[in-house]
2 protein chains.
Amino acid sequence: MNRFLSHATNRIDAKGRVSVPSAFRAAVSEAGVRELYCFQDFVFPAVSVGGPELLDRFERQMAAEDPFSDAANQMSLLVHGGGVFVKLDPEGRLMVTDFIRDFTGISTDVTFVGRGDHFQLWEPRAFARAQVEARERRKQRGLRPE
Amino acid sequence: MNRFLSHATNRIDAKGRVSVPSAFRAAVSEAGVRELYCFQDFVFPAVSVGGPELLDRFERQMAAEDPFSDAANQMSLLVHGGGVFVKLDPEGRLMVTDFIRDFTGISTDVTFVGRGDHFQLWEPRAFARAQVEARERRKQRGLRPE
DNA sequence: TGGGACCATATGGGCGTCAATGGGAGAAGC
DNA sequence: GCTTCTCCCATTGACGCCCATATGGTCCCA
């Protein structure tokens with residue numbers, strides 16, 4: 001699996017570290033990446049994490065918009081200026097900084113959520129709520145997956 | 001048989017495992033799959049299980065939309081983040097995790113329900129009720145095909 | 001037609017491995 | 001010198017793999 005799929009919740013230890021699920025670590029190292037880039041999501045109260053190619057994704061998104069629009073400006077500010085680098089320790093853990101805590105509401109546990117080409121850090125209950133909401137929205141739209 | 005048909009109920013053992021019916025296992029191994037992807041159904045209190053092609057179907061649907069829209073984000077959250085991988089042990093059993101239990105209400109027994117290209121996990125009595133309901137609905141509609 | 005052997009599936013439990021977690025010590029920065 | 005971060009090692013608990021047993025059904029043969 002070279003993509004980020006599924007989800008898992010891990011505990012933050014006394015030093016503020018949390019283990020990245022092994023499936024995600026495998027996907028990261030498979031891409032040969034040791035340093036990850038992360039920034040605040042545009043839609044959800046979550047922090048997105050990925051390799052350098054994650055920047056490409058948002059540059060594509062920005063390219064899809066008028067480069068001088070407000071939206072493109074804000075996106076650049078958040079992605080280029082607002083992002084931070086995160087390193088994994090030899091055991092595959094990362095430090096949960098205030099940058100992450102403040103935006104997500106994370107305090108003691110982190111839910112890692114696969115998003116295909118990247119993954120996200122969520123406060124566990126916020127993730128549960130967002131899922132319920134997304135499901136409700138789909139029902140309202142009457143869209144069926146099949 | 002390369003499709004999932006009929007239904008069967010098996011007991012969860014002390015370690016939280018349950019045997020996948022042999023007919024379903026045959027259909028799975030015929031596709032050469034050892035790792036299954038499963039996620040919560042959009043309509044019923046059931047967990048859907050299938051091979052990677054189940055994921056492909058959702059991704060095709062996502063690809064049809066604006067990839068950066070809210071709708072696509074929510075879809076990704078449910079499909080990429082909401083699913084979990086399930087492995088079968090050498091005897092063809094799977095672990096019934098809390099992810100499955102909480103959503104379906106399964107506690108001691110699991111009803112496996114074939115759905116053509118995938119199958120589902122149900123709490124036995126919930127499945128019985130859903131069948132009765134479906135039958136009633138059809139009667140009300142005068143047995144017209146949809 | 002009845003009994004018995006055989007086979008496949010389902011089920012139960014032991015054990016090793018690995019991921020997650022906790023804590024200590026050295027190194028680097030304030 | 002104190003704090004903070006990084007690396008290293010220990011612990012533990014869950015999960016995957018293995019082998020053993022039970023149960024029900026089918027086939028064969030008397």
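Naming convention: chains lettered A, B, ... in sequence-line order (proteins, then strands); numbering from 1 in each chain. Note that this is a predicted model, so its numbers are computed, not measured.
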Would you mind building the protein contact string for nucleotides 17-30 of chain C? One character per nucleotide, 5' to 3', B for base within reach (heavy atoms under 4.0 Å), S for sugar-phosphate only, - for untouched. --SSBBBBB-----

Contact nearer the 5' end of DNA chain D, comparing B:Leu88 with A:Met95: A:Met95

Residue list, salt bridge (charged side-chain N to carboxylate O under 4.0 Å, His left out) with A:Arg135, at least two apart or on another chain: none

Applied to residues 86-105 of chain B, the side chain to side chain donor-acceptor pair (under 3.5 Å) test, sequence neighbours excluded, yields B:Asp89-B:Arg93, B:Glu91-B:Arg93

First and last nucleotide of DNA chain D in contact with chain A, 5' to 3', at under 4.0 Å to a heavy atom: what are they? D:dT6 to D:dC9

Let me check something: do A:Phe99 and A:Val20 share a hydrophobic cluster, defined by ILVMFWY side-chain heavy atoms less than 4.5 Å apart, either directly or through other members? yes

Does anything in residues 97-120 of chain A come within less than 4.0 Å of DNA chain C? Heavy atoms only, and list the residues if so. none

Quickly, which of B:Ile100, B:Leu121, B:Val86 forms a side chain to side chain contact (heavy atoms under 4.5 Å, CB included) with B:Val49? Name it, please. B:Leu121

Is it possible for you to say whether B:Phe85 and B:Met95 belong to one hydrophobic cluster, with membership spreading through side-chain heavy-atom contacts below 4.5 Å? no

Specify whether B:Phe39 and B:Phe58 have parallel, tilted or perpendicular ring planes, treating 30° as the upper limit for parallel and 60° as the lower limit for perpendicular. perpendicular

Should the pair A:Phe24 and A:Phe4 be assigned to parallel (<30°), tilted (30 to 60°) or perpendicular (>60°) ring geometry? perpendicular

Applying side chain to side chain donor-acceptor pair (under 3.5 Å), which residue pairs with at least one partner in residues 10-25 of chain A are found, sequence neighbours left out? A:Asp13-A:Arg17

Given 3.5 Å as the limit, does a donor-acceptor pair link the side chain of A:Ser6 with the main chain of B:Gly83, or not? yes

Hydrogens and angles aside, do A:His80 and A:Glu59 bring a side-chain donor and acceptor to less than 3.5 Å of each other? yes

